[in-house]
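Single-structure report; data block below.
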2 protein chains.
Amino acid sequence: MATGRTHRPATRSRGIPEATVARLPLYLRALTTLSERSVPTVSSEELAAAAGVNSAKLRKDFSYLGSYGTRGVGYDVEYLVYQISRELGLTQDWPVVIVGIGNLGAALAGYGGFASRGFRVAALIDADPAMTGKPVAGIPVQHSDDLEKIIAEDGVSIGVIATPAGVAQAVCDRLVAAGVTSILNFAPTVLSVPDGVDVRKVDLSIELQILAFHEQRKAGEELGEEAAPQAAAPAAPPAATRTTAEGGRKGPDGDVPAVMPA
Amino acid sequence: MATGRTHRPATRSRGIPEATVARLPLYLRALTTLSERSVPTVSSEELAAAAGVNSAKLRKDFSYLGSYGTRGVGYDVEYLVYQISRELGLTQDWPVVIVGIGNLGAALAGYGGFASRGFRVAALIDADPAMTGKPVAGIPVQHSDDLEKIIAEDGVSIGVIATPAGVAQAVCDRLVAAGVTSILNFAPTVLSVPDGVDVRKVDLSIELQILAFHEQRKAGEELGEEAAPQAAAPAAPPAATRTTAEGGRKGPDGDVPAVMPA
DNA sequence: CCCTGTGAAATTGTTCACAGCA
DNA sequence: TGCTGTGAACAATTTCACAGGG
């Protein structure tokens, strides 16, 4: 992902599959809920249901962490909460800076899920001088001139970018230069970072587009596909006439359910 | 994903791999940028770099859509923008409702990426009567009592949930009952929906936890793993003594780099 | 006998490498 | 000659199904 950074070259460390890592927080949340309800143990079936996955997958995932269950019984909730937390590194404190305190940055600053799981908002940073000193979610906003100093002083290694797309790469570069090695990017841009820096992206518009794709499919299945099969293709194909693409393989409707609107 | 809904039972439709669908918006964004700069054509190499993927993957992805490139030349930017937009269903208008107008909901309402790509914010809905009528991002907030009416009148099929976790399932149920078939969920809960309804989740805290995992790994590689290998496990393991898990397989440090702190 | 842990099979996704067209 | 399109090799992930401990 990101741009640099292949996978995890040498040092495959322990080798917990990435897909499993991505689900651990899900399990942890479900377990936390059970813990609050003082449920002592869960079966893989129950926990899987609560986390929205299937039980075989859950058991396989847990098998990468070790044998933490009891056959015939299930998993001890408290113990598992601890093990997963430790595996995820949540038993330690992670100071985080949020850069770009617009609506989104403010929402993130006030998001309970941050504080609850070992993450501490060390600083809110914004380039607008008018924001400086203004408290957001109880934390005073600092000016971006001090970014490097703040990161160094607090030993911040995780940065959240909630700025406009235009400045995201510049902010990213400064964060990385100052020592940040993990970035959560909300700006709709591809960030390029040196090897060793992790970037995760959250992109609202992409998620919606994926939904639209499936939504369109649903509509096309019920009826016989309609919704403007092709109003008017903006530019014609590359060079030559449309011949190639039209007959070449798929084209606008290669093998859709095909019913022909009218 | 979600809770119900297996994969896409019968009607495999055209069969564009899910992983490819998830990348199409990425390509589209890169292409749009090129289009704005009036670049006429791109090679798979260039486009891949702009989208942050490798070129073989990009070509393979495009091959599922059809043969839209020209050998020896590359892809026509405008034409490809159109083809991908159509494939994603962005050539039609998608009215969207956002439920829960807190900081996050407001950020979403004002997010440019929504309006720009065929998505139209049809309504903002909140349960707080004090919010009703108040304009957010230029759109007046409506009360959740009218949710069903709004959805029916505007023919909304995509809903965004930005409410507190506690009410997310209830909101989801109402949306689905009213006819919404795609949901983008920002609340930290697993939503359960009937078959045929798609749910995508965006979870800030999960992303951070994944970053923390990798961050921890990095720290553990440089030094010889430290950071409190296990301060004090909260509850002991299930029943019996720790024997099983400790010697059984992995336990707290099964095969970590192992250097022993002190 | 219930429920975990896990090999092995099935599926999905990625990368390679090159044939072939413009 | 340059770059797409794609079979085939490879890798990751999911699912099955069942051995085996409590």
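Numbered from 1 within each chain, the chains take letters A, B, ... in sequence-line order. Because the structure is predicted, anything quoted here is derived from the model rather than measured.
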Quiz item: Under 4.0 Å between a side-chain N/O of A:N54 and OP1 or OP2 of D:dT14, yes or no?
Solution: no

Quiz item: For C:dT6, does OP1 or OP2 lie under 4.0 Å from any side-chain N or O of A:K60?
Solution: no

Exercise. For the side chain of B:R59, starting at C-beta, report the closest nucleotide among C:dG5, C:dA22, C:dA17.
Key: C:dA17

Practice problem: Choose from C:dT14, D:dG5, C:dT4 the nucleotide whose nearest atom is closest to any side-chain atom of B:S63. | Solution: D:dG5

Quiz prompt | N-O pairing of A:R217 and B:E87 below 4.0 Å | solution = yes

Quiz item: Does A:Y64 put a side-chain nitrogen or oxygen below 4.0 Å from OP1 or OP2 of D:dT13?
Solution: no

Quiz item: Where each residue is assigned the nucleotide of DNA chain D containing its nearest heavy atom, which of A:A56 and A:V73 is assigned the position nearer the 5′ end?
Solution: A:A56

Quiz item: Is any side-chain nitrogen or oxygen of A:K57 closer than 4.0 Å to OP1 or OP2 of D:dT13?
Solution: no

Quiz prompt | Minimum heavy-atom distance between B:L47 and B:A30, given as atom pair plus value | solution = CD1-CB, 3.8 Å

Practice problem: Rounded to the nearest angstrom, tell me the gap between atom CG in B:D61 and atom P in C:dT12. | Solution: 16 Å

Quiz prompt | DNA chain D base-pair string [pairs: Watson-Crick or G-U under 3.5 Å; |: paired with another strand] | solution = ||||||||||||||||||||||

Quiz item: CD1/B:I210 to CG/A:L88 distance, rounded to the nearest 0.5 angstrom?
Solution: 8.5 Å

Quiz item: So A:R86 and A:T91, side chain to side chain donor-acceptor pair (under 3.5 Å) or not? Walk me through it.
Solution: CA-CA 5 Å; A:R86 191 176 47 75; A:T91 48; over 6 Å; no

Self-check item: Rounded distance in Å - CG (B:D76) to P (D:dC3)
Solution: 16 Å

Quiz item: Do A:R200 and A:S182 have a side chain donor and acceptor closer than 3.5 Å?
Solution: no

Quiz item: Is any side-chain nitrogen or oxygen of B:R23 closer than 4.0 Å to OP1 or OP2 of C:dT14?
Solution: yes

Quiz item: Would you say a side-chain N or O of B:S44 is under 4.0 Å from OP1 or OP2 of D:dT4?
Solution: yes

Quiz item: For B:F62 and C:dG13, what is the distance between atoms CZ and P respectively, to the nearest whole Å?
Solution: 17 Å

Exercise. Take atom CD of B:E45 and atom P of D:dT4, then tell me their distance rounded to the nearest Å.
Key: 8 Å

Practice problem: State, without any angle test, whether A:E78 and A:Y82 hold a side-chain donor-acceptor pair at a distance under 3.5 Å. | Solution: no

Exercise. Answer with yes or no whether the side chains of B:Q209 and B:S205 bring together a donor and an acceptor at under 3.5 Å.
Key: yes

Practice problem: Would you indicate, yes or no, if D:dC3 has its OP1 or OP2 atom less than 4.0 angstrom from a side-chain nitrogen or oxygen of B:S43? | Solution: no

Exercise. Select base, sugar-phosphate, or nothing to describe what B:E18 touches, counting heavy atoms under 4.0 Å on all strands.
Key: sugar-phosphate

Quiz item: To the nearest Å, how far apart are A:L58 CG and D:dT15 P?
Solution: 12 Å

Practice problem: Write down the distance between CZ (B:R71) and P (D:dC3), rounded to a whole number of angstrom. | Solution: 14 Å

